[in-house]
Amino acid sequence: VQLQASGGGLVQAGGSLRLSCAASGRLASIYTMGWFRQAPGKEREFVSYINWNGNNTQYVDSVKGRFTISRDNAKNTVYLQMNNLKPEDTAVYYCSAQSPMMYYGGARRDDAKSYESWGQGTLVTVSS
């Protein structure tokens, strides 16, 4: 699965952005899709994931109530709607894909090491 993320940019605190991740490749629609972020000098951090049909989502506590993940399998695209952005949300955001084989083999969906495909990252900068 190949991934292409877009939608990052510069926004003031309290503003909104919507990230998109276009997936291509065979069976992309049955993969769990995740968003991770990495701030300067910090490790990559789990943000959110969504399972193949959208019935199961999860968020890191710091973004709950502000971010919403969704997917459109007809377009092979995953979205991350980010509202009420804060300066601490500043990071490079990466989309990722986890195969069903990985998940049913016991991999965690909030663990970056369990995702097999990664997009190139899109920078989100939130000014105070």
Side-chain angles (χ1 to χ4, degrees):
V1 175
Q2 293 77 47
L3 304 174
Q4 180 74 34
S6 61
L10 174 64
V11 63
Q12 289 187 331
S16 298
L17 283 174
R18 188 177 80 157
L19 305 184
S20 299
C21 178
S24 60
R26 199 164 164 266
L27 303 178
S29 62
I30 67 170
Y31 277 51
T32 290
M33 300 298 294
W35 286 98
F36 292 78
R37 65 186 179 186
Q38 189 165 16
K42 295 188 176 181
E43 293 187 354
R44 192 167 296 192
E45 173 191 35
F46 165 74
V47 176
S48 180
Y49 72 73
I50 186 168
N51 75 326
W52 74 275
N53 64 2
N55 287 346
N56 186 3
T57 61
Q58 190 60 264
Y59 302 89
V60 67
D61 285 347
S62 60
V63 308
K64 285 180 180 177
R66 300 188 298 121
F67 290 12
T68 302
I69 192 170
S70 61
R71 66 190 297 163
D72 183 341
N73 283 344
K75 297 181 179 179
N76 273 356
T77 302
V78 177
Y79 305 97
L80 186 68
Q81 177 67 43
M82 306 185 296
N83 297 329
N84 190 21
L85 282 159
K86 302 176 180 181
E88 51 264 43
D89 295 318
T90 295
V92 177
Y93 283 71
Y94 298 90
C95 63
S96 55
Q98 181 191 76
S99 68
M101 182 172 62
M102 184 66 77
Y103 174 70
Y104 289 112
R108 292 175 60 94
R109 285 171 165 168
D110 60 355
D111 184 356
K113 293 189 291 295
S114 70
Y115 285 76
E116 299 124 302
S117 301
W118 291 85
Q120 83 286 6
T122 184
L123 176 63
V124 172
T125 304
V126 185
S127 63
S128 57

Atom pairs and distances, side-chain donor-acceptor, residues 119-128, under 3.5 Å, sequence neighbours left out:
from	atom 1	to	atom 2	distance (Å)
Gln120	OE1	Ala5	N	3.2
Gln120	NE2	Ala5	O	2.8
Thr122	OG1	Gly8	N	3.0

(request) Heavy atoms only: give me the nearest Tyr59-Ile69 pair and the separation to one decimal. (result) OH-N, 2.9 Å
(request) Keeping to residues at least two apart or across chains, list the salt bridge (Lys or Arg N to Asp or Glu O under 4.0 Å) pairs with something in residues 114-128. (result) none
(request) Any chance you could measure Ser114, atom OG, to Arg108, atom CZ, to the nearest 0.5 Å? (result) 9.0 Å
(request) Mark yes when over 12 heavy atoms from residues, nucleotides or ligands other than Trp52 sit less than 6.0 Å from its CH2; otherwise mark no. (result) no
(request) Not counting sequence neighbours, list each pair that qualifies as a side-chain hydrogen bond (donor to acceptor under 3.5 Å, both in side chains) and has a residue in residues 75-86. (result) Ser16-Asn83, Gln81-Asn83
(message) Quick check: closest heavy atoms across Val78 and Arg71, and the distance to 0.1 Å?
(response) CG2-CB, 4.0 Å
(request) List, by chain and then residue number, the residues other than Leu10 in its hydrophobic cluster (Ile/Leu/Val/Met/Phe/Trp/Tyr, side-chain heavy atoms under 4.5 Å); write none if there are no others. (result) none
(request) Hey, could you give me the NZ/CD distance between Lys64 and Gln58, rounded to the nearest 0.5 Å? (result) 5.5 Å
(message) Working to the nearest 0.5 angstrom, can you tell me the gap between Gln38 CD and Glu43 CD?
(response) 8.0 Å
(request) Decide yes or no for Tyr93 and Met82: does some side-chain heavy atom of the first lie under 4.5 Å from some side-chain heavy atom of the second? (result) yes
(request) Each residue besides Tyr104 in its hydrophobic cluster should be listed here, by chain and number; the cluster joins Ile, Leu, Val, Met, Phe, Trp and Tyr at side-chain heavy-atom distances under 4.5 Å. (result) Tyr103
(request) Taking all heavy atoms of Arg66 and all of Asp89, pick out the closest pair and write down the distance. (result) NH1-OD2, 2.7 Å
(request) Provide the closest heavy-atom pair for Glu45 versus Val60 in the form atom of the first, atom of the second, distance. (result) OE2-CG2, 4.2 Å
Side-chain donor-acceptor pairs of residues 27-36 under 3.5 Å, sequence neighbours excluded:
from	atom 1	to	atom 2	distance (Å)
Thr32	OG1	Arg109	NE	3.3
Thr32	OG1	Arg109	NH2	3.4

(request) Look up atom CZ in Arg37 and atom CD in Glu88, then write down how far apart they are to the nearest 0.5 Å. (result) 8.0 Å
(message) Return the CG to OG distance between Leu3 and Ser117, rounded to the nearest 0.5 Å.
(response) 5.5 Å
(message) I'd like to know if Met102 and Tyr115 are part of one continuous hydrophobic network [Ile/Leu/Val/Met/Phe/Trp/Tyr, side-chain heavy atoms within less than 4.5 Å].
(response) no
(message) Show the nearest heavy-atom pair for residues Leu17 and Gly7, with the distance to one decimal.
(response) CD2-O, 3.9 Å
(message) What's the separation between atom CG in Leu19 and atom CG in Leu80, rounded to the nearest 0.5 Å?
(response) 5.0 Å
